[in-house]
Each structure stands twice: as C-alpha cells, then as structure tokens.
There are 2 protein chains.
Amino acid sequence: MKISISKENHLKAIFHLESDHGTVTTNELAAALHTRPASITDMLKKLQKEGLVLYERYKGFSLSQDGKMAAVQIIRNHRLWECFLVDHLDFDWSQVHEMAEELEHLTSRKLIDRLDFFLGFPRTDPHGDPIPDSDGKFTRQIAQIPLPNLLTGKEATVTAIRPQTDQILELLQHKKIKIGTRITIRKKFDFDDSLEIEVDGGASTTVSALVAKNIYVSVQK
Amino acid sequence: MKISISKENHLKAIFHLESDHGTVTTNELAAALHTRPASITDMLKKLQKEGLVLYERYKGFSLSQDGKMAAVQIIRNHRLWECFLVDHLDFDWSQVHEMAEELEHLTSRKLIDRLDFFLGFPRTDPHGDPIPDSDGKFTRQIAQIPLPNLLTGKEATVTAIRPQTDQILELLQHKKIKIGTRITIRKKFDFDDSLEIEVDGGASTTVSALVAKNIYVSVQK
DNA sequence: ATTATATTTTAGGCAAATCTAAAAATTTAA
DNA sequence: TTAAATTTTTAGATTTGCCTAAAATATAAT
C-alpha cells in the first residue's frame with residue numbers, strides 16, 4: 001500500500017501539469033521529471049495497475065481519484081514544510097524548495113498533522129500557494145490577479161510571486177516587496193508597460209513589465 | 001559521493017554495534033538490519049569500495065574514519081529530529097523513533113544545523129543519548145550509572161532510560177519519573193533487589209529491580 | 001488521402017539492493 | 001587434531017526504476 005518516492009513524484013507532477021494545462025502528455029511529464037518518455041510509459045503502467053492513474057496506451061492518461069488524493073497529500077506536506085523552514089528555521093523562500101522536495105515524502109500522517117497545528121494551520125505557503133487541509137480540501141482562495149491587471153489607484157496585497165527565481169527574489173527584496181506587501185499602482189507607462197507603484201503606503205518605485213507580470217495581488221482581504 | 005539510505009543505515013548499525021561490543025559480525029549486523037547475512041556481505045563489499053568500511057573476507061570488518069563520520073552525522077540528525085518532535089510537536093519519546101528514522105536521512109547539512117540552532121543546541125535527545133555537534137564531536141557526557149548502583153541517600157538526576165519500551169514508559173509516567181527527575185534511594189531490599197526511592201524530594205515509591213536496572217542516573221550536575 | 005513528422009510504446013539492458021541455496025572458511029569440541 | 005557445527009561468502013534470481021534504440025501509432029501537411 002505504500003507508494004514509492006518516485007511514484008509520488010510522478011503523481012505530483014501529473015497533478016501540477018493537469019492543473020496547468022488540463023491535460024498531460026508523456027513527453028511533458030518526462031520533461032517535468034527529467035526523465036525519458038519510455039520511462040514514463042513504464043511507470044504509467046505500474047501506476048495504472050495500482051489504480052492511481054487512468055491510462056490507455058496511445059490515448060493519454062489522468063489521475064484517478066486515489067491518485068489525486070495521494071498527490072494532494074504530498075503537496076500539503078511540501079507546503080507545510082516550506083512554512084516551517086521559512087517561519088521557524090529562517091530560510092529564504094527561494095532556498096526551501098529542494099529541502100521540501102525531500103521532506104514531502106515522509107510517511108507519517110500524524111507528523112504532518114501535528115506540524116500543521118504547530119504552524120497554526122497556515123493557508124498558504126511562503127510562495128503564496130494554497131495548502132490543502134488534512135482531508136485534502138483546498139479552502140477557496142481569494143482571487144489573485146497579475147499586477148498589471150490591477151486598476152490604477154486601487155490598493156492590493158501581494159499574494160504570490162510566480163515563477164520564483166533567485167533573481168526576481170533579489171530584485172523584490174531590494175524593493176522591499178514580498179507576500180503581504182500592500183501595493184498601489186500610481187502610473188502605467190504604455191511605452192514599455194512599466195509601472196510606477198507605491199509600496200506599503202510609502203515610497204514609490206518603478207517595476208518593469210516583466211517583473212510586474214510575475215507579481216500576483218488580491219484586492220480583497 | 002552521496003550515500004544511499006540503505007548504506008547509511010548499514011553504517012549507523014555498524015557504529016552502534018561497535019560501540020556496544022567493540023566488534024561486529026556479519027550475523028549480528030544482519031539481525032540488526034532485519035536482513036540476511038548474504039546481503040550484508042554484498043553491501044560490505046560496496047562500502048569497502050567506497051572507503052567507508054575496512055573489510056577482509058572471513059576476517060571481519062569495521063568502520064573507516066570516513067564511515068564513522070558519516071554514521072555520526074546520521075545519529076546527529078536522528079537525535080536532533082527527535083528533540084524537535086518531542087519538544088515542539090509534543091510527541092512522546094516512545095513514538096518518535098520511527099519518524100526520526102526517516103528524517104535522519106535528509107541530505108541538507110544546512111537544514112540540520114539550523115534545526116540545531118532552533119532547538120537551542122541540545123546536548124542530549126529525549127532518551128538521554130548524547131547529540132554530537134556539527135563537526136561530529138560528542139562533548140564529554142557526565143557519568144551515568146544504573147540506578148541500582150547509586151548509593152543510598154545520595155541524590156541523583158535521571159539521565160536516560162534504556163532500553164525504552166512503551167511499557168516502561170507507561171510505568172514511569174505513572175510514577176512521575178522522567179529525564180531530569182531527581183531521585184534518592186531510601187532503602188534497598190535485598191530480598192528482591194527492589195528499591196524504595198524518593199522522587200523530586202517528594203513522595204516515595206518502590207520500583208522493582210527490573211525497572212531500576214533500566215534507569216540511568218548521574219550524581220553530578 | 002497519402003506521406004511526413006512527432007509522439008508513444010515495446011524490447012532488451014543495466015545497476016542497486018535484496019533474496020535463497022549451496023559452497024567455502026573458520027571455530028569449536030570430542 | 002580431525003570431525004562437527006557455525007559463520008561467511010559465492011552464485012544465481014528477483015524487483016524497481018531507469019536507460020537506448022527501434023517499432024507502432026497518431027497527428028499534421030501537402
């Protein structure tokens with residue numbers, strides 16, 4: 001009944017790709033897992049036998065209900081451990097992903113539930129991604145929009161940075177922007193789509209279109 | 001250069017058996033790891049090739065300097081995670097071993113060092129076993145003696161319970177004895193070697209020879 | 001609609017970590 | 001000190017997860 005780490009990684013990758021594109025192909029999955037299409041086919045057959053994916057050769061595949069549950073559990077583990085690493089061990093959010101990739105595979109359900117309690121039942125991880133509860137349910141997230149879509153003059157809260165790279169982290173750290181920061185757009189420049197923004201009701205800076213596109217905000221909350 | 005989990009477990013088991021008996025045999029190691037002697041021989045050859053054990057067929061084996069370092073690192077990980085589970089996630093010391101068996105294999109050195117800091121650099125784990133520092137050094141432990149060896153009337157601190165089973169934990173919990181508890185022997189009964197002891201300067205109880213033998217105390221500190 | 005291209009699968013192999021059964025070496029005991 | 005018992009090792013398989021190269025199928029393009 002125990003799912004191997006490699007299988008867990010396959011389920012997780014399928015889940016993420018399904019969420020993004022709605023559908024997944026063998027090649028995509030192979031790329032996501034840094035493995036070869038042939039290996040994916042092998043694994044798919046095993047996962048099907050265990051009832052974790054629905055698979056028909058040459059036709060495509062998708063997670064079964066059980067497979068989805070397993071994937072969500074891993075994602076929960078991953079995100080909770082990221083919270084622990086950032087909030088209590090004082091790591092930067094850009095450093096924690098790899099460590100969480102290992103921690104997410106720990107098998108004790110009780111451990112993760114106690115960790116959840118210890119952390120105070122956080123609803124999002126340090127990157128702004130939602131954390132499902134112990135039953136695998138994602139509580140509805142507040143609506144997030146890319147910063148360029150925010151109306152000028154309307155204040156909003158930064159809820160996520162995506163994708164997160166060391167480079168954008170460095171830039172945003174310098175500009176004192178992180179999750180929870182309040183931002184108001186003061187001016188949009190059509191020339192290069194850069195934005196002049198006010199940060200936490202204080203100083204103004206300018207961010208390029210590229211940076212702005214990676215910042216997600218919410219007007220509610 | 002990365003050591004597999006299975007190899008780490010072999011090194012750790014050799015380390016523990018060497019500490020106990022001074023020497024280890026193929027059969028003992030197989031028993032400790034719930035595996036077969038033939039598998040031990042296989043693994044030993046691999047570990048030798050990697051310079052982690054000194055091995056001559058039919059002659060015996062022991063950890064090399066590198067092997068010892070690796071083993072100590074795992075033990076450090078294991079004991080620090082046990083501290084975390086007991087001190088922060090509120091598990092009983094009898095429950096944490098299995099979880100720590102998984103956590104000990106995490107590969108990030110930085111993670112474990114930050115955990116050490118977070119925990120306040122504990123010198124012993126919840127079972128009273130010493131935790132080596134980041135360089136693998138065990139700081140000299142205060143002398144521990146089995147409770148029956150303690151002189152009557154001399155106060156001492158409980159430093160370890162060994163071996164720890166759910167049953168003895170239950171008994172000691174009921175008698176309010178744990179690591180850190182102060183104990184004084186009031187009377188030794190030669191008839192069955194049971195002891196009448198005073199717990200934390202308060203009430204007295206009696207413990208059987210079997211229980212007493214499993215309690216280790218230190219008069220210093 | 002047929003060919004060309006791209007995707008997916010099969011076939012056959014490899015390395016790690018285990019196993020069983022049998023052989024070899026060592027140790028113990030008569 | 002040789003025979004018996006024990007320990008350890010070898011030989012040969014198995015499972016898991018991956019690989020490459022070639023074949024099968026599906027999709028796109030003329």
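A, B, ... follow the sequence lines: proteins, then strands. Residue 1 opens every chain.
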N/O (side chain, [X]) to phosphate O (OP1/OP2, [N]) under 4.0 Å:
X       : N      : answer
B:Ser4  : C:dA17 : yes
B:Ser39 : C:dT18 : no
B:Arg57 : C:dT26 : no
B:Thr35 : C:dC19 : yes
A:Tyr55 : C:dT8  : no
A:Lys45 : C:dT10 : yes

For [X] and [N], give me the distance from atom [atom1] to atom [atom2], rounded to whole Å.
X       : N      : atom1 : atom2 : answer
A:Leu29 : C:dT9  : CG    : C1'   : 15 Å
A:Arg36 : C:dT7  : CZ    : C1'   : 15 Å
B:Ile3  : C:dA16 : CD1   : P     : 15 Å
B:Ile40 : C:dT20 : CD1   : P     : 13 Å
A:Phe61 : C:dT9  : CZ    : C1'   : 13 Å
A:Met43 : C:dT9  : CE    : P     : 14 Å
A:Asp42 : C:dG12 : CG    : P     : 14 Å
B:Leu33 : C:dT18 : CG    : C1'   : 12 Å

**Q.** Of the listed nucleotides C:dT8, C:dA16, C:dA24, the one nearest the side chain of B:Tyr58
**A.** C:dA24
Q | Side chain of B:Ser6 (C-beta onward), nearest among C:dT8, C:dA17, C:dT20 | A | C:dA17
Pair [X]-[Y], side-chain donor/acceptor within less than 3.5 Å:
X        : Y        : result
A:Asp125 : A:His78  : no
B:Asn27  : B:Thr25  : no
A:His174 : A:Glu170 : no

**Q.** Residue pair A:Glu98 / A:Glu102, side-chain heavy-atom distance below 4.5 Å
**A.** no
Q. Would you call A:Asp193 and A:Lys213 a salt bridge, taking side-chain N to carboxylate O under 4.0 Å as the test?
A. no
Q. Salt bridge check: are B:Asp116 and B:Arg79 linked by an N-O gap of less than 4.0 Å?
A. no
Q. Rounded to the nearest 0.5 Å, how far apart are CG of B:Leu169 and CG of B:Asn214?
A. 12.5 Å
Q. What does A:Thr26 touch in the nucleic acid at a heavy-atom separation under 4.0 angstrom: a base, only the sugar-phosphate, or nothing?
A. sugar-phosphate
Q.
Quick check on DNA chain D: between A:Lys59 and A:His10, whose nearest nucleotide comes earlier from the 5' end?
A. A:His10
Q. Nucleotide range of DNA chain D contacted by chain B, 5' to 3', under 4.0 Å to a heavy atom?
A. D:dT7 to D:dT10
Q | Given B:Leu195, B:Leu172, B:Thr181, the one that forms side chain to side chain contact (heavy atoms under 4.5 Å, CB included) with B:Ile215 | A | B:Leu172
